[in-house]
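These notes are about the structure you will find just below.
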Amino acid sequence: QVQLVESGGGLVQAGGSLRLSCAASGIIFNFNNMGWFRRAPGEQRELVASMTNNGRTNYADFVKGRFTISRDNAKNTLYLQMNSLKPEDTAVYYCYASYAVGTRDYWGQGTQVTVSS
């Protein structure tokens with residue numbers, strides 16, 4: 001079974017940056033799609049960004065221009081570079097991996113991002 005482990009979360013002030021990592025025990029090249037969700041307290045889960053195996057990326061409107069998703073197949077790691085952070089970005093961020101479109105077969109444990117005003 002594949003395991004995904006997120007890291008890189010923390011506490012930053014508004015306008016700061018964080019880089020989240022999602023290290024996979026498997027070969028991420030085998031996944032059709034990987035990405036990041038987030039869930040804030042009292043809010044529903046929302047998709048932040050995703051990336052297909054062939055390199056196509058997609059971003060939620062609320063992070064477009066601020067966040068960048070990338071992957072390093074050699075290191076079997078997915079990244080989320082988060083710039084110009086806002087207090088409303090405060091949430092637990094989860095990475096996922098899918099063998100097929102929409103299946104979301106594996107999930108990480110989450111990493112907390114807190115942005116102070």
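Basis for what follows: all heavy atoms, side chains included, without hydrogens, waters or symmetry-related copies.
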Ignoring hydrogens, what is the shortest heavy-atom contact between [X] and [Y]? Give both atom names and the distance.
X	Y	result
Ala49	Leu80	CB-CD1, 4.3 Å
Leu78	Arg71	CD1-CB, 4.1 Å
Ala40	Thr90	CB-O, 3.5 Å
Asn76	Ile28	OD1-N, 3.2 Å
Glu43	Arg39	O-CG, 3.6 Å
Thr77	Lys75	OG1-O, 2.9 Å

Verify the cluster assignment for [X] and [Y]: are they in a single hydrophobic cluster under the rule of side-chain heavy atoms below 4.5 Å apart?
X	Y	answer
Leu4	Ile69	yes
Tyr59	Phe62	yes
Val113	Trp36	yes
Val48	Tyr79	no

Indicate whether the side chain of Asn58 and that of Arg56 have a donor and an acceptor atom separated by less than 3.5 Å. no

Test side-chain hydrogen bond (donor to acceptor under 3.5 Å, both in side chains) applied to [X] - qualifying residues, sequence neighbours left out:
X	answer
Asn53	none
Thr52	Asn54
Ser84	none
Ser70	none

Can you list, pair by pair, the side-chain donor-acceptor contacts under 3.5 Å of residues 15-26, counting residues two or more places apart and other chains?
residue, atom, partner, partner atom, Å
Ser17, OG, Asn83, OD1, 2.9
Ser25, OG, Gln3, N, 2.8

Considering only residues two or more places apart or on different chains, which pairs with a residue in residues 90-103 satisfy salt bridge (charged side-chain N to carboxylate O under 4.0 Å, His left out)? none

What salt bridge (charged side-chain N to carboxylate O under 4.0 Å, His left out) pairs are there with at least one residue in residues 106-117, not counting sequence neighbours? none

Taking transitive links into account, so neighbours of neighbours count too, which hydrophobic residues share a cluster with Val101 at under 4.5 Å side-chain distance? none

How does the hydrophobic cluster around Phe37 look, that is, which other residues are in it when side-chain heavy atoms under 4.5 Å mark a link? Leu47, Val92, Tyr94, Tyr96, Trp107

Given the rule in the side chain to side chain contact (heavy atoms under 4.5 Å, CB included) test, do Asn32 and Ser98 qualify, once you have shown the distances and angles that lead to the verdict? CA-CA 6 Å; Asn32 176 266; Ser98 302; 5.5 Å; no

According to salt bridge (charged side-chain N to carboxylate O under 4.0 Å, His left out), who are the partners of Arg66, at least two apart in sequence or on a separate chain? Asp89

Salt bridge (charged side-chain N to carboxylate O under 4.0 Å, His left out) involving Glu46 - partner list, sequence neighbours excluded: Arg38

Looking at CD of Gln13 and OG of Ser117, how far apart are the two atoms once the value is rounded to the nearest 0.5 Å? 9.0 Å

Contacts of type ring-ring contact (aromatic ring centres under 6.0 Å, His included), residue Tyr99, not counting sequence neighbours: Phe31, Tyr106

Flag side-chain contact, heavy atom, 4.5 Å: Met34 against Met51: no

